[in-house]
Number of protein chains: 2
Amino acid sequence: MSGQKNISLENIKIACRNCSLVALCLPMELEADDIEKLDAIVKRSRPLHRGDHLFRDDDKFLSIYVVKTGSVKTYAPSEDGGEQVLGFHLPGELIGLDAIEDGSHQCSAKVLETTAICEIPFYHLEELSSNIPSLQHQMYRLLSREIGQDENMLMLLGKRNAEERLAAFLLGLSDRFKRRGFSSSDFYLSMSRHEIGNYLGLAVETISRLFTRFQGDGLLNVKRKHIQLLQKKRLQAIILQEKIDGNERQYP
Amino acid sequence: MSGQKNISLENIKIACRNCSLVALCLPMELEADDIEKLDAIVKRSRPLHRGDHLFRDDDKFLSIYVVKTGSVKTYAPSEDGGEQVLGFHLPGELIGLDAIEDGSHQCSAKVLETTAICEIPFYHLEELSSNIPSLQHQMYRLLSREIGQDENMLMLLGKRNAEERLAAFLLGLSDRFKRRGFSSSDFYLSMSRHEIGNYLGLAVETISRLFTRFQGDGLLNVKRKHIQLLQKKRLQAIILQEKIDGNERQYP
DNA sequence: CGCAATATTGACCACTCTCAATGAGGGTGG
DNA sequence: CCACCCTCATTGAGAGTGGTCAATATTGCG
């Protein structure tokens with residue numbers, strides 16, 4: 001994720017100024033003064049460092065968070081130290097939406113590299129959205145999007161083999177970087193192989209082997225955390241291999 | 001899911017009258033007259049029959065739906081007839097929340113047995129929630145809950161083996177039936193083995209074998225769609241086997 | 001009653017995991 | 001600045017879970 005090496009800091013600054021607003025207002029439907037109101041309740045905090053927690057499982061839910069720069073992983077910890085990585089969050093993306101329901105966080109959020117975060121007190125946001133229908137609408141959309149993304153992951157874990165999962169993961173990252181103005185074919189992974197494997201339901205060794213294979217096949221270059229996607233078309237092709245299910249016929 | 005055979009129809013009627021309201025208002029924070037307003041925008045439709053679609057992938061998103069009686073599966077179809085089952089929806093549960101984001105449905109919803117549905121036009125609901133803060137809050141909670149449930153599934157698919165998945169599935173159903181006033185240990189599956197397998201990321205044959213094994217171990221009785229859970233404790237125990245991940249140490 | 005869809009069961013095999021050893025960076029302290 | 005250590009990543013060999021293929025019930029439905 002950038003930042004690891006010194007990569008176009010200007011770019012990051014430009015892309016991520018007011019990231020919280022970008023995330024909440026895009027696609028934009030808010031009036032200028034509504035944006036100001038929203039801006040007023042956002043807290044900017046000092047940067048966090050690798051390993052810091054934004055919040056932990058079971059913490060009281062007070063705010064949602066937007067990544068400004070850097071990256072965050074969310075994960076469900078279990079007593080014995082094991083965990084399930086639930087997601088990686090890049091600049092502009094929201095964290096904590098799963099905690100609204102019962103007022104406490106369902107997962108932990110840990111910073112993967114030096115990261116700047118905006119905190120948006122949910123109570124204020126909720127109040128504000130009561131008075132600004134377009135903000136309410138935007139909130140519904142953001143929550144809905146989260147559901148859609150999780151459903152995509154369900155699909156990935158339910159139907160895809162190791163190769164397809166990693167290809168989808170890399171192309172997904174690529175898209176998200178692109179959307180935020182970073183290179184879509186040359187980036188740094190801020191998460192370890194282990195975390196990738198955990199996220200994708202695969203063993204570390206499988207991830208490692210796949211990287212080696214993909215590189216051998218000329219699909220990408222990988223050196224540690226540095227990834228260069230060379231043939232995105234072919235990566236796409238890997239994912240697109242539809243599985244025949246044989247279950248339900250097409251309606252004749 | 002009940003209904004298959006003639007099981008306590010009275011029970012169903014009692015439990016499911018105004019299911020849409022139950023779903024939206026529980027845990028209840030709405031005033032009586034607000035409930036009436038909500039009630040006023042709900043459309044009750046004639047019952048649907050096995051195989052009917054509530055909506056299809058890419059359909060324009062107009063309403064969310066609440067199951068009153070019966071059951072529905074949502075799934076992401078692919079061109080070749082394959083699919084990924086995303087969820088099974090029992091009385092009182094919502095369908096369609098993932099479609100808010102871009103105004104069209106992300107998945108298809110198909111009725112598994114004779115099923116009664118409430119339709120709630122989303123535009124009206126949104127408008128109403130603008131004027132009733134507690135309804136807005138409830139909407140946020142419902143959307144958030146959906147995210148939490150999907151995250152649970154991610155955990156299941158990422159970390160659990162076949163046995164654990166089926167055990168979790170059955171206990172999950174059991175809980176949901178219980179909450180709605182049905183038996184938690186004796187029920188009918190409205191979905192096929194194939195659909196269960198698809199949902200859990202397993203092959204039909206695996207599901208079949210596991211049922212046989214579970215029955216042999218005295219955990220349950222199964223005859224086709226009829227399930228009797230005999231030893232829920234032991235089923236719980238199957239799920240609780242935490243996986244050592246060995247990744248991140250516990251902070252010393 | 002007979003066909004089609006659904007389930008069950010068995011045999012075999014492959015993908016991915018596990019275990020184990022080695023290598024490569026990155027950070028710390030001397 | 002280098003040595004050392006610790007974590008992370010890579011690679012190999014072997015094993016096991018679950019998938020695939022195929023044959024046989026069983027059920028439901030027209």
Side-chain angles (χ1 to χ4, degrees), chain A residues 4-5 49-51 81-82 112-114 156-167 188-216 221-227 238 241 243-252, chain B residues 4-5 49-51 81-82 112-114 156-167 188-216 221-227 238 241 243-252:
Chain A
Q4 289 275 339
K5 308 291 176 186
H49 301 101
R50 176 173 176 75
L112 293 171
E113 60 188 314
T114 300
L156 197 77
L157 294 179
K159 284 258 175 311
R160 305 301 190 179
N161 65 21
E163 189 180 67
E164 294 164 342
R165 291 183 199 186
L166 187 60
Y188 283 83
L189 301 173
S190 60
M191 67 295 286
S192 68
R193 301 283 192 271
H194 201 112
E195 290 166 324
I196 296 173
N198 187 308
Y199 179 56
L200 298 177
L202 300 170
V204 206
E205 295 91 333
T206 304
I207 302 296
S208 203
R209 279 185 252 270
L210 283 172
F211 270 131
T212 307
R213 170 136 57 99
F214 282 173
Q215 178 159 278
N221 277 333
V222 51
K223 190 174 181 196
R224 290 271 155 176
K225 309 235 175 231
H226 184 196
I227 304 284
I238 289 177
Q241 291 155 12
K243 305 291 177 185
I244 308 291
D245 191 343
N247 179 15
E248 321 265 329
R249 300 267 151 284
Q250 217 61 320
Y251 323 98
Chain B
Q4 289 277 337
K5 309 292 176 186
H49 300 101
R50 176 173 176 75
L112 292 171
E113 60 189 314
T114 301
L156 197 77
L157 294 179
K159 284 258 175 310
R160 304 301 189 181
N161 64 22
E163 190 179 66
E164 295 164 342
R165 291 184 199 185
L166 186 60
Y188 284 82
L189 301 173
S190 60
M191 68 293 287
S192 69
R193 302 283 192 271
H194 202 111
E195 290 166 324
I196 296 173
N198 186 309
Y199 179 56
L200 298 177
L202 300 169
V204 204
E205 295 91 334
T206 304
I207 302 296
S208 203
R209 279 187 254 269
L210 283 173
F211 271 132
T212 307
R213 170 138 55 100
F214 282 173
Q215 179 158 307
N221 278 333
V222 51
K223 189 174 183 199
R224 287 277 157 172
K225 309 235 175 230
H226 184 199
I227 304 283
I238 290 178
Q241 291 155 13
K243 307 289 176 185
I244 309 291
D245 191 344
N247 178 17
E248 321 264 330
R249 300 268 153 282
Q250 217 61 318
Y251 324 97

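Per chain, numbering begins at 1; letters A, B, ... match sequence-line order.
The shortest non-hydrogen separation linking B:Arg165 to B:Leu157 is NH2-O, 3.1 Å. For A:Lys225 against A:Met191, the heavy-atom pair with the smallest separation is NZ-O, 3.3 Å. When every heavy atom of B:Phe214 is checked against every heavy atom of B:Leu166, the shortest pair comes out as CE1-CD2, 3.8 Å. Smallest separation of non-hydrogen atoms from A:Lys159 and A:Glu164: O-OE1, 4.1 Å.
A donor-acceptor contact shorter than 3.5 Å links the side chain of A:Arg50 to the backbone of A:Leu112. Distance alone, capped at 3.5 Å, places no donor-acceptor pair between the B:Gln215 side chain and the B:Thr212 backbone.
Counting to the nearest Å, the C1' atom of C:dT6 and the CD1 atom of B:Ile196 are 12 Å from each other. In this structure, CZ of A:Phe214 is placed 17 Å from P of D:dA9, rounded to the nearest angstrom. Atom CD of A:Glu195 is separated from atom C1' of D:dC8 by 11 Å (rounded to the nearest Å). The CZ atom of B:Arg160 sits 17 Å away from the P atom of D:dT17 (whole-angstrom rounding). The nearest whole Å value for the distance from the NE2 atom in B:His194 to the C1' atom in D:dT20 is 13 Å. Taking atom CG of A:Leu210 as the reference point, atom P of D:dT11 lies 12 Å away to the nearest angstrom. Atom C1' of nucleotide C:dT6 and atom CZ of B:Phe211 are separated by 13 Å, given to the nearest angstrom. B:Arg193 places its CZ atom 18 Å from the C1' atom of D:dG18, with the value rounded to the nearest Å.
Here D:dT11 is the nucleotide among C:dA7, D:dG18, D:dT11 with the atom lying nearest to any side-chain atom of A:Arg209. Set against D:dA9, C:dT6, D:dG18, the side chain of A:Arg224 has D:dA9 as its closest nucleotide. Across C:dT8, C:dT16, D:dT11, the shortest atom-to-atom separation from the side chain of A:Ala162 is found for C:dT16.
Side-chain N/O atoms of A:Lys225 include one lying less than 4.0 angstrom from OP1 or OP2 on D:dA9. Note on B:Ser192: every side-chain N or O is 4.0 Å or more away from OP1 and OP2 of C:dA5.
Shown here are the side-chain contact (heavy atoms from CB on, under 4.5 Å) partners of B:Arg193, two or more places apart in sequence or in another chain: B:Leu189, B:Val204, B:Ile207, B:Phe211, B:Val222.
Contact check of residues 199-206 of chain A against DNA chain D (heavy atom, cut-off under 4.0 Å) returns A:Glu205.
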